[in-house]
Amino acid sequence: MGSLVLLDLMGGVALLLWGLHMVHSGILRAFGPDLRLLLAKGLNNRLAAFAAGLGLTALLQSSTATALITSSFAAEGLVGLVPALAIMLGANVGTTLIVQLLSFNIVAIAPVLFVLGLVAFRGGARSRIKDLGRVSIGLGLMLLSLHILLDTLAPTENAPGVRVFINAITGDPVLCILIGAAVTWMVHSSVAGVLLIMSLAYAHFISPSAALALVLGANLGSAINPALEGARRDNPASYRLPLGNLVNRLAGVLLVTPFLRPIAEQLQIWQPDLAKLTAEFHIAFNVATAIIFIGLLDSMARLLKRMLPDRVQETDPSRPRYLDESALETPSLALTDAARETLRIGDAVETMLRKVMTAMMTGDRALVDQVSRMDNGVDGLYEAIKLYITKLTRGSLDEREGKRAMEIISFAINLEHIGDIIDKNLSELATKKIKRRFQFSPEGADELSAFHKRIMESLRIAFGVFMSGDVNEARKLLAEKAVLRNTELAATERHLDRLREGRPETLETTSLHLDVLRDLRRIHSHICSVAYPVLEASGELAAYRDSESSQFALTAAQPR
């Protein structure tokens, strides 16, 4: 009997957590970019920041998610510490609202939510309506889970063994706070923790004072997760916001704990329903904490900055700058972050390509060393983007998001290959030329410089195609590919003419000259890869393939 009751309780809690996850993910998918914009605009003063944090968390039903988003803003310098702390005070109030709603007996509307949610979710391609269907199903699951919890606990209310055990572990307020904090930390949700406490209180398993102590613990536990997940160990300053939020919660708990019993007695006179009493104390605690601390945020911010100063670090080119982990639950934002990071690889590759050609023409050995170091940074960024996209694709993406994810990783792969060609081929050719003191003929140097200039122009066009998906620019890029193939053949013919003339510079650099042309053309092929998905989406790729095959056959048939 006891095992079945425990299994039912675990199932009810699991259903509650999954319903909460569906609400959270559905809201993020439907309104994620808009919510971030709302948060960013609400940073003018602490009251506006408080309201923004309250509104965002009321929708997301996760103060942890709000903390992670705000921490990423603070880490990038987009928000000051005082507004960020005000956002968290608002978030702590916002997360109580769904608990307040579910404290009423509205289980009967769960089937309605399921039907509405299923109709919206199955209504076609992913859209905001479909995401709201996910939210509706999640709310229905939360109501159903509460019904399961109450039905499971009701028959055991009078079981003497269970009551003795519960009284033993909830008799001490401090122990109740620790238990509430531990449970909330484990489930990563104060909403789930407080709803479970409400169920226990409704079934009279715990006393009113124990219920309030457990609520204090749930509030404390929800502040632990951002401190563990939202900070970077390499930067002490990133701990300021989660630590400040934790201190606010802890101070509130310490202020209220000595008065728990009289508070419970007074509240019980006013509200005899223990489940509603628990929910109302939860919101009252967070509102009171916000009122007390919102005027003290300046002093707290100064203290946190003194305790956790910014760490001055050398810029690590292999460290990602835009890959925000908190954006992974909002695919559109995460894909934008990944695209921005991929452009960082593109900027590095563009610099490498310019420097290696300068080294080739001027004999500057230091530039070759710089190119080698930059390639290490390119490799590091590529690995970070690959891991980030892998994490993103573990979730559910629609067809458009899936294609964009593949476009990003494909372009990152091709940029990384370009970096390898520059580092392992062109750099070695430059080193060989410098060591042996070779010189290109004036005509040969001009040809290579002109060829290189066209590659650089194509690379810049590719960046635009990658970000905008412009079909005309994609056509322009692939048209240049065909022209460049003919340009390479013409340059090779002219080089062979100079070789037949017996030009000494041409004789000693003949293999270098042809290898540089070959490697630059290989680079251009990788650059052009970004145009193929754009033409495929417009339905022009098959026609281009046929045209390319015909041009290649004509080129191969021309006499040499």
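We number each residue from 1, following the sequence as shown.
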* **Lys403 atom NZ: more than 12 heavy-atom contacts under 6.0 Å** =>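 Incorrect, the count does not exceed 12.
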
Determine yes or no for a side-chain-to-main-chain donor-acceptor pair under 3.5 angstrom, with [X] supplying the side chain and [Y] the backbone.
| X | Y | result |
| --- | --- | --- |
| Asp375 | Val371 | no |
| Asn245 | Leu241 | no |
| Thr393 | Thr390 | yes |
| Thr351 | Asp347 | yes |

Nearest heavy-atom pair of [X] and [Y]: which atoms, and what distance?
| X | Y | answer |
| --- | --- | --- |
| Met22 | Gly138 | CB-CA, 3.8 Å |
| Ser222 | Thr184 | N-CG2, 3.7 Å |
| Ala384 | Pro320 | CB-CG, 3.9 Å |
| Ala339 | Met467 | CB-SD, 4.0 Å |
| Ala49 | Ala86 | CB-CB, 3.9 Å |
| Met361 | Ser449 | CE-OG, 3.8 Å |

* Might you work through the side-chain contact (heavy atoms from CB on, under 4.5 Å) test for Leu367 and Gln370, ending with a clear yes or no? => CA-CA 5 Å; Leu367 290 178; Gln370 291 177 26; 3.8 Å; yes

* I would like to know whether Leu512 and Phe440 meet side-chain contact (heavy atoms from CB on, under 4.5 Å); could you show each step before the answer? => CA-CA 9 Å; Leu512 279 174; Phe440 293 119; 4.2 Å; yes

Nearest 0.5 angstrom please: [X] [atom1] to [Y] [atom2], how far?
| X | Y | atom1 | atom2 | answer |
| --- | --- | --- | --- | --- |
| Ser529 | Leu478 | OG | CG | 9.5 Å |
| Met352 | Asp420 | CE | CG | 8.0 Å |
| Asp364 | Thr358 | CG | OG1 | 8.5 Å |
| Leu353 | Ile422 | CG | CD1 | 4.5 Å |
| Leu426 | Ile523 | CG | CD1 | 5.0 Å |
| Lys432 | Ile434 | NZ | CD1 | 13.0 Å |

Please tell me if the side chains of [X] and [Y] come closer than 4.5 Å, counting only heavy atoms from C-beta onward.
| X | Y | result |
| --- | --- | --- |
| Val534 | Asp470 | no |
| Thr342 | Ile385 | yes |
| Leu328 | Arg394 | no |
| Asp298 | Arg46 | yes |
| Val483 | Arg454 | yes |
| Leu304 | Val247 | no |

* To do: Using side chain to side chain contact (heavy atoms under 4.5 Å, CB included) as the criterion, point out the one residue from Leu477, Val465, Asn414 that pairs with Cys528.
  =>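 It is Leu477, the one option of Leu477, Val465, Asn414 that forms the side chain to side chain contact (heavy atoms under 4.5 Å, CB included) with Cys528.
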
* Positive for side chain to side chain contact (heavy atoms under 4.5 Å, CB included) with Leu81, one of Met300, Arg302, Arg240 ->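 Among Met300, Arg302, Arg240, the one meeting side chain to side chain contact (heavy atoms under 4.5 Å, CB included) with Leu81 is Arg240.
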
* Begin with the C-alpha distance, continue with both residues' side-chain angles, and end with the deciding distance and a verdict on side-chain contact (heavy atoms from CB on, under 4.5 Å) for Leu484 and Leu520. => CA-CA 10 Å; Leu484 208 64; Leu520 289 175; over 6 Å; no

* To do: Might you work through the side-chain hydrogen bond (donor to acceptor under 3.5 Å, both in side chains) test for Arg373 and Asn376, ending with a clear yes or no?
  => CA-CA 5 Å; Arg373 288 193 297 271; Asn376 294 333; over 6 Å; no

* Asked: Tell me the salt bridge (charged side-chain N to carboxylate O under 4.0 Å, His left out) pairs involving residues 510-525, sequence neighbours left out?
  ->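 As it turns out, the salt bridge (charged side-chain N to carboxylate O under 4.0 Å, His left out) pairs with a partner in residues 510-525, which skip direct neighbours, are Glu488-Arg521, Asp515-Arg518, Asp519-Arg522.
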
* Pairwise ring pair (Phe, Tyr, Trp, His ring centres under 6.0 Å) hits with a residue in residues 367-420, at least two apart ->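 Counting only pairs at least two positions apart or across chains, the ring pair (Phe, Tyr, Trp, His ring centres under 6.0 Å) contacts touching residues 367-420 are Phe411-Phe466, His417-His526.
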
* To do: Take Glu480 and His524 through the test side-chain contact (heavy atoms from CB on, under 4.5 Å) and record every step on the way to the result.
  => CA-CA 9 Å; Glu480 177 67 8; His524 195 266; 3.8 Å; yes

Below 4.0 angstrom, N of the basic side chain to O of the carboxylate: do [X] and [Y] qualify?
| X | Y | value |
| --- | --- | --- |
| Glu443 | Arg494 | no |
| Arg460 | Glu457 | no |
| Glu407 | Arg404 | yes |

